[in-house]
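Before any comments, here is the structure.
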Amino acid sequence: MTTFHIRPGTEVDEALRDGRPVVALESTIVSHGLPRPDNLRVARQIEQTVRDAGAVPATIGMVGGELVVGLDDAELTRLATVDPVAKLSVRDLAVAAATGADGATTVAATSAVAAAVGIGVFATGGLGGVHREAAQTFDESADLVTLARTPITVVCAGVKSILDVGATLERLETLGVGVVGYRTRRFPGFYLTDSGFDLDWSVDSPEQVAAVLAAREQHGVHGGGLIVANPLPVDEQLDPALHDRTLTEGLARLGREGVTGKAVTPFLLAHFHSATEGASLAVNVRIILRNADLAARIAVAASGRTAA
Ligand code: PSU
Ligand code: MN
């Protein structure tokens, strides 16, 4: 009988055993969120950024039915280049394992797997959330409900601006997911520095995030996730006029081309990347690298607290 387990990569395994800082990274960004061939280069750059800040990267994905935490370079290359790679949310993990699939994990699946092996910090670009037509389609990313029950800290640039940001923030409140701005009281808008929505809380340093995590654990009251929203500096955001134009076109194309369900997010991201002739891609990459750096510094600060 086949037994199924989560396999940590060698380096991740050793780091977890020694209590050294580890940062989880998702593979959906690599397989479905970024265009080829840039995706593989960027995936390696994200890992290098985590290393440069003193933590061990653990990119999570499914290779031939095996759930791996800390893909090696050959496995990362496979998920960045072969077809098909399934987009795996939490509910898909067992089916993909049993059928021997290759798959990339979303924020939801990556968070759940990371927490299961004891990784507390995760870096991504932008979270999934409530889609603009959700009142009719019920399309709300499983990222939200998963974060409600998963003890993980996700560093992101808010939720993707293709979503209904206000509704997403309301759902995060209902679900009990903590949201803090990193050196800001405004919720970032992914490609844009500011989504136009206020936040209740702001934190100033990786050490302060580590203190939040320590308080959460020591209180033992709140078992859900924490979002650390890290905005791009204004001079690095996508030109807002270009952003709004591209989004309007992209949403119209969705309707015309009948794109629905889990294909919506990859479709809109690809539309942005082609319609802005790479400008949104450059912004997307900056977002991810900045988040990887901050997540690593949070993981380092958190492991210092445990050791102290
Ligand atoms: N952020 C990015 N690029 C991405 C995603 C997030 O910068 O590709 C992915 C994440 O994996 C997230 C998913 O979990 O999009 C959300 O998809 P959906 O809306 O179908 O839940
Ligand atoms: Mn969806």
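The chain is numbered in sequence order, starting from 1. When a ligand or atom number is given, it counts from 1 through the structure's own listing order. A quick note: this is a predicted structure, and the numbers were derived from the prediction, not measured.
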Kindly determine whether L242 and R245 satisfy side chain to side chain contact (heavy atoms under 4.5 Å, CB included), including the steps that lead there. CA-CA 5 Å; L242 175 62; R245 219 163 47 232; 3.4 Å; yes
Tell me, with the steps shown, if V212 and V180 meet side chain to side chain contact (heavy atoms under 4.5 Å, CB included). CA-CA 10 Å; V212 173; V180 298; 5.7 Å; no
Within the structure, does F190 bring an N/O atom to less than 3.5 angstrom of an N/O atom in ligand 1? no
Atoms of ligand 1 less than 4.0 Å from N284 heavy atoms? 7 (O)
Contacts table for residues 109-130: side-chain donor-acceptor under 3.5 angstrom, sequence neighbours left out:
residue: T110; atom: OG1; partner: T105; partner atom: O; Å: 3.3
residue: T110; atom: OG1; partner: T105; partner atom: OG1; Å: 2.9
residue: T110; atom: OG1; partner: T106; partner atom: O; Å: 2.6
residue: S111; atom: OG; partner: V107; partner atom: O; Å: 2.7
residue: T124; atom: OG1; partner: E26; partner atom: OE2; Å: 2.5

Can you list everything that forms a side chain to side chain contact (heavy atoms under 4.5 Å, CB included) with E14? Sequence neighbours excluded, please. T10, R17, R20
Please state which part of V264 comes within less than 4.0 Å of ligand 1, counting heavy atoms only: side chain, backbone, both or neither. neither
Looking at E217, I'd like to know if its CD atom is crowded, meaning that more than 12 non-hydrogen atoms belonging to other residues, nucleotides or ligands lie closer than 6.0 Å. no
Under 4.0 Å, heavy-atom basis, I'd like to know which part of D143 is in contact with ligand 1: side chain, backbone, both or neither. side chain
Please could you name the atoms of ligand 1 that S141 approaches to less than 4.0 Å, counting only its heavy atoms? 18 (P), 19 (O), 21 (O)
Under 2.8 Å from the Mn ion (ligand 2) - protein N/O/S, by chain and number: D139 OD1
For atom 3 (N) of ligand 1, the closest protein heavy atom turns out to be I29 CG1, 3.4 Å
Nearest to atom 5 (C) of ligand 1, what protein heavy atom do you find, and at what distance? K160 NZ, 3.2 Å
According to the interplanar angle, ranging from 0 to 90°, do the rings of Y191 and H273 count as parallel (below 30°), tilted (30 to 60°) or perpendicular (above 60°)? perpendicular
Go through ligand 1 atom by atom and flag the ones less than 4.0 Å from a non-hydrogen atom of T106. 11 (O), 14 (O)
Taking distance alone, with N or O pairs closer than 3.5 Å, would you say T105 contacts ligand 1? no
Could you check atom 19 (O) of ligand 1 against the protein and tell me its nearest heavy-atom contact, residue, atom and distance included? T265 OG1, 2.8 Å
Close approach, H32 and ligand 1, non-hydrogen under 4.0 angstrom: no
Counting only heavy atoms not in E140, do more than 12 sit closer than 6.0 Å to its CD atom? yes
Quick one: does any side-chain atom of D143 pair with a main-chain N or O of A108 as donor and acceptor, under 3.5 Å? yes
Taking only heavy atoms of T28, which atoms of ligand 1 are found under 4.0 Å from at least one of them? 9 (C), 11 (O)
Would you list the atom pairs, donor with acceptor, under 3.5 Å between side chains in residues 61-68 and any protein atom, with sequence neighbours excluded?
residue: E66; atom: OE1; partner: R7; partner atom: NE; Å: 3.1
residue: E66; atom: OE1; partner: R7; partner atom: NH2; Å: 3.3
residue: E66; atom: OE2; partner: R7; partner atom: NE; Å: 3.0

Taking 4.0 Å as the limit for heavy-atom contacts, which would you say applies to L269 with ligand 1: side chain only, backbone only, both, or neither? side chain
For ligand 1, which atoms sit closer than 4.0 Å to a heavy atom of K87? 17 (O), 18 (P), 20 (O)
The closest protein heavy-atom partner of atom 1 (N) of ligand 1 is G126 O, 2.8 Å
Residues R290 and D293 bridged, charged N to O under 4.0 Å: no
